[in-house]
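Residue numbers begin at 1 in each chain, while the letters A, B, ... track the order of the sequences.
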Amino acid sequence: MLSVDFVRNNLETVKNALGSRNSTVSLEPFENLDKERRQAITERDNLKAKCNRLSEEIGALMKAKQREEAAPKQQEVVLAKARIKELEQLIEETETKLSTILLTIPNLPHQSVPLGADEHANKEIRRWGKPREFDFEIKDHIDIGNKLGILDQERATKITGARFSILRGLGARLERALINFMLDIQTKEHGYQEVLPPFIVNSATLQGTGQLPKFAEDLFKLEKSDYWLIPTAEVPLTNIYRDEILEGDILPINLTAYTPCFRSEAGSYGKDVRGLIRQHQFDKVELVKISHPDQSYQDLETLTQNAEVILQRLELPYRVVLLSTGDMGFSASKTYDLEVWLPSQNTYREISSCSNCDAFQARRAQIRFRRSPGAKPEPVHTLNGSGLAVGRTWLAILENYQNADGSVTVPQALRPYLDGLEKIQL
RNA sequence: GGAAAGGUGGCUGAGUGGUUUAAAGCAACGGUCUUGAAAACCGUCGUAGGUUUACGCCUACCGUGAGUUCGAAUCUCACCCUUUCCGCCA
């Protein structure tokens with residue numbers, strides 16, 4: 001969320017930014033609503049001040065047993081209160097409209113973000129590793145997984161429905177190994193604190209990180225409650241400090257968590273229907289930084305590198321892409337995607353998305369800090385990134401490490417997590 | 001699910017209709033004193049909104065929301081949360 005002040009004083013900038021982000025939010029009503037609201041507040045506060053004064057006088061008269069003299073003053077208060085009631089209704093209406101506008105304005109892009117309508121304007125920053133050349137006909141991860149008996153999507157459909165899967169035997173084991181491997185690197189080498197948050201959150205939490213009110217459709221909601229399944233650990237992790245004022249010297253706060261993630265994938269029908277790429281439930285190890293505003297863009301570089309290390313250790317070729325204004329998520333001011341090489345698709349596919357949300361989420365979630373003790377509280381900057389999407393890592397390993405005989409070699413770095421296993425085979 | 005108690009500032013904790021402008025203490029910050037520190041003393045010490053060139057002034061906030069009243073932390077209703085006990089349960 002942008003601050004009212006900022007929008008009021010930078011109307012043109014915000015309008016331009018909206019355009020660059022393909023947003024359809026209209027700022028036309030903003031100016032009038034803003035003015036109307038402030039006038040009403042001023043009038044109401046003046047009336048209230050008057051009532052307070054009168055009430056005090058009435059109190060004094062009552063004490064002095066001068067009831068008759070209090071009566072006209074009481075009348076006056078009653079009258080003022082009727083007007084106050086009208087004004088409060090008006091204030092509430094305008095504030096609702098204003099906050100609807102403010103809550104649906106996406107974040108402003110950072111100046112370093114390329115302008116563009118969609119992913120074609122994204123900018124490749126760097127590549128790591130060389131895609132392997134195969135001297136046999138390669139299979140995709142679905143075929144490999146099915147043949148090895150470690151992936152069972154048909155039966156998952158019976159148990160739940162489309163876009164769910166069952167991992168079995170070494171498949172399940174590989175998933176668990178990856179989770180531990182990722183968490184170990186982030187906690188032991190990069191200094192993140194491991195967190196195990198709730199997988200179910202309330203709507204205030206989702207509004208804090210920007211999923212609500214605009215993207216309810218992408219989420220799973222539990223019936224007869226205000227509870228929702230998390231679409232990413234970013235949501236509970238970032239909200240840990242909601243409604244708090246932190247001391248500046250504890251920043252940055254680095255958090256990591258493994259959680260399953262639940263997404264309705266509304267509007268993606270027909271997209272990536274095969275395999276594990278796009279599931280309603282998937283595992284992810286998430287990285288979150290609560291940063292000092294002066295440091296946050298440097299912290300984004302660090303966070304991105306922290307995620308990259310996982311791919312490097314697993315020796316999976318990838319590239320880093322800087323998203324353009326039109327391709328970024330709602331809350332982000334700057335985003336790097338990590339894309340892993342998928343032989344079956346002969347292309348790079350997203351496996352991590354690392355974003356700086358600047359003060360956008362912090363303002364919504366009221367996460368603030370003091371530059372020095374006693375200083376005025378300011379919003380922190382919040383960052384998040386996948387480190388990494390476990391399901392996509394799982395399938396990337398199957399595809400990149402497949403052998404002609406249908407077996408899959410276990411990446412060196414992962415073997416300690418699988419009792420030294422070198423190969424997944426029949 | 002049943003019963004009971006409770007929710008007040010960063011923390012502890014008073015306050016049951018009218019100088020509460022939320023006491024007091026602790027913590028924090030600034031100062032005096034000191035070679036330095038501690039102690040002592042003095043002062044400052046919440047958040048948000050509105051208004052003002054500015055000093056400042058005004059308004060709201062005692063779990064949340066509604067209500068009673070000229071006036072609510074205090075009374076009424078609903079809800080949320082916490083703790084304890086019982087029941088059920090991994």
Side-chain angles (χ1 to χ4, degrees), chain A residues 1-9 30-103 196-208 212 222 224-228 236 239-251 253 260 290 359 362-380:
Chain A
M1 182 168 60
L2 307 176
S3 75
V4 189
D5 281 9
F6 183 85
V7 177
R8 186 186 301 146
N9 299 325
F30 181 90
E31 267 184 288
N32 277 335
L33 285 170
D34 183 48
K35 208 175 281 172
E36 213 177 327
R37 168 180 169 270
R38 284 189 289 162
Q39 276 171 3
I41 285 177
T42 303
E43 190 183 343
R44 181 202 56 183
D45 283 358
N46 288 339
L47 283 172
K48 280 200 167 186
K50 183 174 151 193
C51 287
N52 287 343
R53 257 196 327 272
L54 286 168
S55 290
E56 212 173 304
E57 290 169 19
I58 292 166
L61 288 172
M62 296 296 223
K63 231 173 205 174
K65 303 252 158 77
Q66 296 174 296
R67 282 180 180 278
E68 312 76 43
E69 298 184 33
K73 290 181 192 285
Q74 291 185 349
Q75 273 307 306
E76 212 174 331
V77 174
V78 170
L79 237 79
K81 284 192 72 172
R83 177 62 182 156
I84 288 174
K85 201 159 193 182
E86 277 173 31
L87 288 165
E88 297 213 303
Q89 203 174 340
L90 178 67
I91 292 165
E92 200 186 315
E93 279 166 26
T94 50
E95 283 189 340
T96 305
K97 287 179 194 162
L98 275 174
S99 83
T100 305
I101 295 174
L102 284 174
L103 284 171
L196 197 115
F199 301 161
I200 296 175
V201 295
N202 59 34
S203 53
T205 296
L206 285 158
Q207 181 163 312
L212 291 181
L222 302 184
K224 291 176 194 160
S225 73
D226 186 37
Y227 289 167
W228 308 67
N239 276 282
I240 287 177
Y241 296 101
R242 176 151 53 88
D243 296 324
E244 291 191 28
I245 300 173
L246 308 165
E247 288 310 321
D249 56 13
I250 69 166
L251 302 176
I253 298 168
I290 311 288
R363 239 179 258 118
R364 288 176 163 244
Q366 291 277 75
I367 309 169
R368 292 171 292 172
F369 81 108
R370 298 183 206 275
R371 278 180 193 269
S372 55
K376 191 176 157 60
E378 299 173 50
V380 297

With nearest nucleotide decided by heavy atoms, which residue, A/Ile245 or A/Lys73, maps closer to the 5′ end of RNA chain B?
A/Ile245
Whichever of A/Tyr227 and A/Lys85 has the more 5' nearest nucleotide on RNA chain B, that residue is A/Lys85
Crowded around A/Gln89 CD? As in, over 12 foreign heavy atoms under 6.0 Å?
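12 or below, so no.
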Looking only at side-chain atoms of [X], point me to the closest of [options].
X        : options                : value
A/Asp45  : B/rC70, B/rG49, B/rU51 : B/rG49
A/Arg37  : B/rC70, B/rU51, B/rG49 : B/rG49
A/Ala49  : B/rC58, B/rG49, B/rC70 : B/rC58
A/Pro377 : B/rU51, B/rU47, B/rU69 : B/rU47

If you compare every side-chain N and O of [X] against the phosphate oxygens of [N] (OP1, OP2), does one of them come in below 4.0 Å?
X        : N      : answer
A/Arg370 : B/rU47 : yes
A/Arg368 : B/rG46 : no
A/Lys48  : B/rG50 : no
A/Asn52  : B/rC58 : no

If pairing means Watson-Crick or G-U wobble with both distances under 3.5 Å, then the partner of B/rG46 is B/rC61
Base-pairing assignment for B/rA14 (Watson-Crick or G-U wobble, both under 3.5 Å)
none
Under 3.5 Å, is there a donor-acceptor pair between the A/Asn202 and A/Thr205 side chains?
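A/Thr205 and A/Asn202 do have a side-chain donor-acceptor pair below 3.5 Å.
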Interatomic distance at [atom1], [N] relative to [M], whole Å:
N      : M      : atom1 : result
B/rC41 : B/rU53 : C1'   : 39 Å
B/rC70 : B/rG2  : C1'   : 44 Å
B/rA66 : B/rA73 : P     : 15 Å

Between A/Arg83 and A/Glu86, is there a side-chain N and carboxylate O pair less than 4.0 Å apart?
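A/Glu86 and A/Arg83: salt-bridged.
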Could you tell me whether A/Lys48 and A/Asp45 have a side-chain N and a carboxylate O separated by less than 4.0 Å?
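A salt bridge is absent here (no side-chain N lies under 4.0 Å from a carboxylate O).
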A/Ile84 has an atom CD1; how far is it from atom P of B/rA60, in whole Å?
9 Å
State, to 0.1 Å, how close A/Arg242 and A/Ala365 come at their nearest heavy-atom pair, and which atoms those are.
CG-O, 3.1 Å
